[in-house]
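Inspection log for the structure reproduced underneath, given as structure tokens.
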Amino acid sequence: MENHGNGVKRREFLKRSTKFAAATMFVGLGSSKLFGALSSTQIKNSIPTVLLNNGIPMPRLGFGTNTLKGVIGTRCVHDAISVGYRLIDTAHIYGNEEAVGEGIKQSGIDRKELFITSKLWVDDSGYESTKKAFETSINKLGTEYLDLYLIHRPRGDVKGSWQAMEELFTEGKIRAIGVSNFLPDQLDDMMEYAKIRPAINQIETHVFFQEDKSYEFLKNSETQMEAWSPFAAGRNGIFSNQTLADIGKKYNKSIAQVCLRWHFQREIIAIPRSSQKAHMIENLDIFDFELAESDLQTIASLDLNTTQFPEWG
Ligand SMILES: NC(=O)c1ccc[n+]([C@@H]2O[C@H](COP(=O)([O-])OP(=O)(O)OC[C@H]3O[C@@H](n4cnc5c(N)ncnc54)[C@H](OP(=O)(O)O)[C@@H]3O)[C@@H](O)[C@H]2O)c1
């Protein structure tokens with residue numbers, strides 16, 4: 001039997017998380033000096049959490065930072081925190097951990113209010129390299145610990161990396177450990193040696209690539225699914241898709257909001273990226289409507305069942 005942290009099944013976590021989310025609707029905003037800058041709409045729409053398999057809460061909507069580098073990266077992270085984001089997703093390979101760290105510092109927010117994710121790149125796989133890469137990442141980010149550290153891709157010495165990450169977790173330097181871009185079989189293989197089951201699998205998922213196999217697998221496991229490129233990074237004309245626009249009209253919501261609400265109703269954590277403050281605010285405003293079953297079925301029909309990023313294969 002796998003080690004599930006506190007031994008409670010994820011389904012129970014999910015059930016509890018609904019209650020938890022309601023109870024913590026304003027957590028992460030109340031004690032911040034940014035509170036005064038938030039409108040009532042933003043406060044109303046602050047972000048629910050899900051309990052991961054080790055019992056720690058993770059925001060169900062966060063901010064992606066791929067390609068946001070240097071002063072732009074710093075400004076975007078600062079803006080994102082100022083409008084209410086608390087989950088910030090970065091990675092060594094994005095080359096922006098320093099810029100992200102600077103944005104966090106400039107925001108003045110209490111570190112404990114944030115949920116910071118970074119990822120171990122393929123070149124750093126293996127036990128010793130993982131420990132070094134982790135130290136490099138936290139130093140660049142200007143933090144003493146990570147909330148979540150992911151193996152970015154299932155390449156190299158995954159077993160050695162995972163052992164190092166389990167130790168860092170046990171030492172309290174990482175609050176949750178997980179993986180990214182792992183297929184169900186690759187997660188099963190890990191469980192041959194893993195003492196801790198990955199808390200997260202962050203994979204490409206959006207309306208054009210719904211990943212039904214991974215979705216069903218993860219839904220019935222204690223590994224939470226997280227979507228990267230929840231807007232397919234704008235590919236395949238997503239922001240001018242007529243079907244999504246028509247659905248949005250019914251609820252007075254944009255295509256972006258329909259997409260994010262769809263992820264939310266599937267219980268998938270999403271980390272949209274934006275360089276524009278207006279979009280950041282718009283993307284948070286998804287908690288006051290519910291897509292009807294018929295709309296979910298229409299969105300299901302948009303699935304092309306293939307990656308929109310074949311160049312990353
Ligand atoms: N684990 C992995 O292998 C992996 C791979 C890729 C990405 N990721 C993570 O996932 C995050 C998100 O994915 P992504 O960055 O590829 O792309 P994305 O979030 O799917 O899409 C970003 C694009 O959407 C636009 N956008 C955002 N909000 C919008 C709105 N309300 N209306 C219209 N356009 C909007 C942005 O333009 P504007 O800037 O103009 O708003 C940007 O061009 C990344 O940043 C990264 O943190 C992880």
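Whatever order the structure lists them in is the order used to number ligands and atoms, beginning at 1. Note that the numbering runs from 1 along the sequence shown for the chain.
If you look at ligand 1, the protein residues with a non-hydrogen atom under 4.0 Å away are Gly64, Thr65, Asn66, Asp89, Tyr94, Lys119, His152, Ser180, Asn181, Gln202, Trp228, Ser229, Pro230, Phe231, Ala232, Ala233, Phe239, Ala256, Ile271, Pro272, Arg273, Ser274, Ser275, Gln276, His279, Glu282, Asn283, Trp312.
When ring centroids are compared, His92 and Trp121 stay outside the 6.0 Å threshold.
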Using the side chain to side chain contact (heavy atoms under 4.5 Å, CB included) rule, take Thr298 and Ile247 through it: C-alpha gap first, then chi angles, then the decisive distance, then the call.
-> CA-CA 9 Å; Thr298 304; Ile247 292 173; 4.2 Å; yes

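Judged purely by atom type and a 3.5 angstrom limit, Asp124 has no side-chain atom pairing as donor or acceptor with the backbone of Ala133. Although no hydrogens or angles enter the test, the distance criterion places a donor-acceptor pair under 3.5 Å between the side chain of Tyr85 and the main chain of Met280.
Around atom NZ of Lys213, no more than 12 heavy atoms belonging to other residues, nucleotides or ligands sit under 6.0 Å away.
Under a 4.5 Å side-chain heavy-atom criterion applied to ILVMFWY residues, the cluster that includes Trp228 comprises Phe309, Trp312 as well.
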